[in-house]
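Read through the structure below, which is laid out as structure tokens, and then see the notes.
Letters A, B, ... are given to chains in the order of the sequence lines, protein chains preceding strands, and every chain is numbered from 1. Heavy atoms only: backbone and side chains are in, while hydrogens, waters and symmetry mates are out.
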Number of protein chains: 2
Amino acid sequence: MRIGELSSRSGVPVPTIKFYVREGLLPAGRLTSPNQASYDSGHERRLRLIRALLDVGGLSLAAIGDVLRVVEDPEQPVHKVLGIAAKRLTPLQGGESGPELEDARDEVAELLERRGWRAGADGPAGESLAEVVVALRRAGHGGFVELLDDYAAAAETVARADLDYVGRRVAREDLVESVVVGTVLGEAMFGALRRLAQADASARAYDGDRGRGGSIGPGDGSGKGGAGDEGNGSGKGAEVPRVDG
Amino acid sequence: MRIGELSSRSGVPVPTIKFYVREGLLPAGRLTSPNQASYDSGHERRLRLIRALLDVGGLSLAAIGDVLRVVEDPEQPVHKVLGIAAKRLTPLQGGESGPELEDARDEVAELLERRGWRAGADGPAGESLAEVVVALRRAGHGGFVELLDDYAAAAETVARADLDYVGRRVAREDLVESVVVGTVLGEAMFGALRRLAQADASARAYDGDRGRGGSIGPGDGSGKGGAGDEGNGSGKGAEVPRVDG
DNA sequence: GCTATCCGATAGTGGAACTATCTATGATGG
DNA sequence: CCATCATAGATAGTTCCACTATCGGATAGC
């Protein structure tokens, strides 16, 4: 197919496709003559992936380029792909350090220890988590950090599902792409679900319906000590706000 | 304090502070003379919040402005705040529609029904989820959609923790700010944890250590019960990749 | 008085993601 | 075979965003 058809099938304007080729995100078409090139379904697929990572995943073109280059390179060990995807996903690149960050790093290490996770606290993800903790404290919401264990429990559920999905892949390129898609688009998917679940939880609370058995009312409240003071003073009407999904 | 001190305490350059004031993100200092203004700890706190939402949360200044304006306006019903936070968080603003999107919306509605969530499938979060589903399919990863229920279970855990945190707030402004911080920074926190959990899960798989009782964490496997379904059917696919955390 | 700091305003910067325009060449249909 | 159209490749321009620089005048504090 020619570039015009590729454009209409993917919904990406022709100049933008050319731009992506220039930027090295998309391989050039196969030249059939000095001014004619043909593109195949691989190009179309690649283009859809780029748009998904860009529009839904919120990655920058530079980050997408890094990821795609690793996906394409069969030399690269698979475990590096996610490292890059993870790194480019975090908008932080290490601001100031200081004792706060040191403390946060220690806390992250403790969390990993506590949960028995075999993951380095010093990798990009651990570092990123430490920075989030610092940011929360700096913004005056250090209390939110108490939710770490609850969040970690949920993260285990999701990671299990992710790996299950990825584990079904056979071909290397498929596998790597699955990891990327799962990480990037999975984040968007979870974010949307989380807001829906918040809407539900607050609807229940608002209707005075919470704590009722299985579903979603605040259950036993938190793993770690401290986060779980269920009864919040109360008495003052509908304390927990209704939230729009 | 004067602007210089505010700058050094917050780590934000003076011209940037002025810029934020111009943009309406930060109230101007109280003028003590035609060319002298004084700032207080409220300004400092606001400044830290802006930087946290910007750097860690990845919100645009425009989005932060919208959120802050609602936070400040006591007229606004609380439930609208999260609606705005959620809307500004999704980088999508409704591309093409079409039958794919229709189908995805139906699926989202079914999911909500299945889980008994009291949340509108037609709100921003539901719409956003539908768009993610479409994007996954378009990118050739429709299979990932099968993980929706696992993801939803995890989202329930997180939403419960979020509401628990928010529920402890008393003052309205505190409450609203907690909702925003929890939604925005919580997303970053969960993302980092998820990557750590992925690293752990794949380390276990890589070491031939998987399938051990279906639990991925330490013995207790997390505090709360809600996230439920402990053993998902992993066990297929030997070559789960090692992933760098 | 002198210098450092400040206020407010205008203008400029650099990066990101395109978009427009141009030339030369080849494809396509009647 | 000729008019029209799409295409490759190249360069330059655009828009938005988040700042950053500079300036003129005023004041603080010594």
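Salt bridge annotation for A/Arg194-A/Glu187: absent, with no cationic side-chain nitrogen under 4.0 angstrom from a carboxylate oxygen. One finds no salt bridge joining A/Glu131 and A/Arg138 here, because no Lys/Arg side-chain nitrogen approaches an Asp/Glu carboxylate oxygen to under 4.0 Å. Salt bridge A/Arg105/A/Glu102: present, at least one basic N to carboxylate O contact under 4.0 Å. We find that A/Asp164 and A/Arg160 are not joined by a salt bridge, their nearest charged nitrogen and carboxylate oxygen being 4.0 Å or further apart. Salt-bridge formation is detected for the pair A/Glu177/A/Arg45: a Lys NZ or Arg NE/NH1/NH2 atom is positioned less than 4.0 Å from an Asp or Glu carboxylate oxygen.
In this structure, A/Asp200 CG and B/Leu112 CG are separated by 8.5 Å, a value rounded to the nearest 0.5 Å.
Put simply, CG on A/Leu61 is 9 Å from C1' on C/dC18, counting in whole angstrom units. Taking atom CZ on B/Phe19 and atom P on C/dA11, their separation rounds to 16 Å, with Å as the unit.
Contact annotation: A/Thr16 side-chain N/O to C/dA17 OP1/OP2 distance is not under 4.0 Å.
B/Phe190 and A/Phe190 have parallel rings, their planes meeting at less than 30° on a 0 to 90° scale where 60° marks the start of perpendicular.
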* Might you work through the side-chain hydrogen bond (donor to acceptor under 3.5 Å, both in side chains) test for B/Tyr39 and B/Arg9, ending with a clear yes or no? => CA-CA 12 Å; B/Tyr39 301 82; B/Arg9 286 164 70 116; over 6 Å; no
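Taking the 5' to 3' direction, DNA chain D first and last meets chain B under 4.0 angstrom from a heavy atom at D/dA18 to D/dT27.
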* Structure fact -> Nucleotide by nucleotide, nucleotides 4-9 of chain C touches protein heavy atoms under 4.0 Å in the pattern (B base, S sugar-phosphate only, - none) -SBBB-
